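Written out below as structure tokens is the structure these notes cover.
Owing to the predicted nature of the structure, the values given are computational and were not obtained by experimental measurement. Letters A, B, ... are given to chains in the order of the sequence lines, protein chains preceding strands, and every chain is numbered from 1.
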2 protein chains.
Amino acid sequence: MISKRTKYGLKALLYLGKKYEKGPILVSEIATEESIPQKFLEAILLDLKNHGILQSKKGKGGGYLLGRSPDLITFGEVIRILDGPIALLPCISQTSYQKCEECHDEETCGLRILMKEVRDVTSGILDGTTLARLMDKVNNAKMEVNGAVMYTI
Amino acid sequence: MISKRTKYGLKALLYLGKKYEKGPILVSEIATEESIPQKFLEAILLDLKNHGILQSKKGKGGGYLLGRSPDLITFGEVIRILDGPIALLPCISQTSYQKCEECHDEETCGLRILMKEVRDVTSGILDGTTLARLMDKVNNAKMEVNGAVMYTI
DNA sequence: CTAATAGTCCACTAAATCTATAGGGTATAT
DNA sequence: ATATACCCTATAGATTTAGTGGACTATTAG
């Protein structure tokens, strides 16, 4: 499971993506709309800003906005910032590898073989999905719910 | 990341799989061989026993053994016991679904769409891999390390 | 200039979870 | 009987999670 911190961060990101190019968005607006404790959200957005995912503007008319175009932000990157490594074992993580002290032989560790498979498909999806791409999917889902079916090429 | 508890449990399971049909194995043996704190391991194995994954025998000559044949034990089942749901969000979990209170519309929740994809491939692997199957892969890996290459049909 | 706005930063806490450890209890084979 | 080895309860330190409070600083409007 991802932490609430991560869930909140991703929800906020999707919200900001939806309002991309509409100028800075207030933390209070995101907090209200997405039902996230505001102070908690502040800390999360600050973290994302410090990692370059978001930008902010202080003072009147300020707020948060995406740091780059939505097609350049992947979920893998954001989840690693907020939740830590995607791999299920430290000895697999690309971003923060750590040897298991108790492991006799990494090459033939059954657990490692299995967890590597999982990591590969998981990060395949998460690093392969951009904010822009998911927003598209959401729109398609909404169309289908409304009865109209949209076909993408 | 999975917890150490889960990692230890899975390592022990692989160890017991390797010694399947060799009679009960002592907790102390597993603990020593796999470098796992013994008391901690006791609690983990007991948990697995209470869920039917393992059997135990008390008294002299006792110990732990698999509760079923290795081709009937999947990693998905064991991980859910030791680590909880495989899904990254409660609103996706098959085994312990819980609605996100803050979610407006589950059908069109972008996060849910993405996390469902991840859950599907992850549990595809974990529920599709049995202890027996992984032990096979380990053997193949060992052969390759030794220079011989084995081809499976 | 200054007042209002809105992000920034720091410290703190309560609760939960994780990772064990200690110590005795109970069933079993010899 | 008795040694063996799992079973059970309690406890405790460390870490993570989730959230709050308050002071500070940058920016803009007037």
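- The closest donor-acceptor contact from the side chain of B/Arg80 to the backbone of B/Gly84 lies at 3.5 Å or more, if one exists at all.
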Test log, rule salt bridge (Lys or Arg N to Asp or Glu O under 4.0 Å), inputs B/Lys7 and A/Glu102: CA-CA 11 Å; B/Lys7 185 167 86 172; A/Glu102 80 276 5; 3.0 Å; yes
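- When A/Leu16, A/Leu82, A/Ile81, A/Asp47 are each tested for a side chain to side chain contact (heavy atoms under 4.5 Å, CB included) with A/Ile53, only one passes: A/Ile81.
- For the side chain to side chain donor-acceptor pair (under 3.5 Å) test, residues two or more places apart in sequence or in another chain that qualify with A/Ser69 are A/Asp71.
- With respect to the salt-bridge test (charged N to carboxylate O, under 4.0 angstrom), the residues B/Arg112 and B/Asp105 do not qualify.
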Verdict with supporting geometry, B/Glu42 and B/Lys49, salt bridge (Lys or Arg N to Asp or Glu O under 4.0 Å): CA-CA 10 Å; B/Glu42 274 184 27; B/Lys49 186 209 150 189; over 6 Å; no
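- Separating the CG atom of A/Leu65 from the C1' atom of C/dG7 is a distance of 13 Å, rounded to the nearest angstrom.
- Annotation for A/Glu106: atom CD counts as buried by contact number, over 12 foreign heavy atoms lying within 6.0 Å.
- Residues A/Arg68 and A/Glu77 are paired through a salt bridge, judged by an N-O separation under 4.0 Å between the basic side chain and the carboxylate.
- Chain B approaches DNA chain D within less than 4.0 angstrom (heavy atoms of the protein), and the contacting nucleotides run 5' to 3' from D/dT4 to D/dC8.
- Contacts classified as salt bridge (charged side-chain N to carboxylate O under 4.0 Å, His left out) and involving residues 8-27 of chain A (residues at least two apart or in different chains) are given here: A/Lys19-A/Glu29.
- Atom CG in B/Leu41 sits 10.0 Å away from atom OG1 in B/Thr32 (nearest 0.5 Å).
- Linking ILVMFWY side-chain heavy atoms closer than 4.5 Å, directly or via other members, places B/Ile2 and B/Ile125 in a single hydrophobic cluster.
- Atoms CG and CZ, from B/Leu114 and A/Arg133 in turn, are 10.5 Å apart once rounded to the nearest 0.5 Å.
- Against DNA chain C, the stretch residues 17-33 of chain B makes no heavy-atom approach under 4.0 Å.
- Of the residues in residues 87-95 of chain A, not one places a heavy atom less than 4.0 Å from an atom of DNA chain C.
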Summary of protein contacts for nucleotides 8-21 of chain C, nucleotide by nucleotide, where a base hit scores B, a sugar-phosphate-only hit scores S (4.0 Å, heavy atoms): BB---------SBB
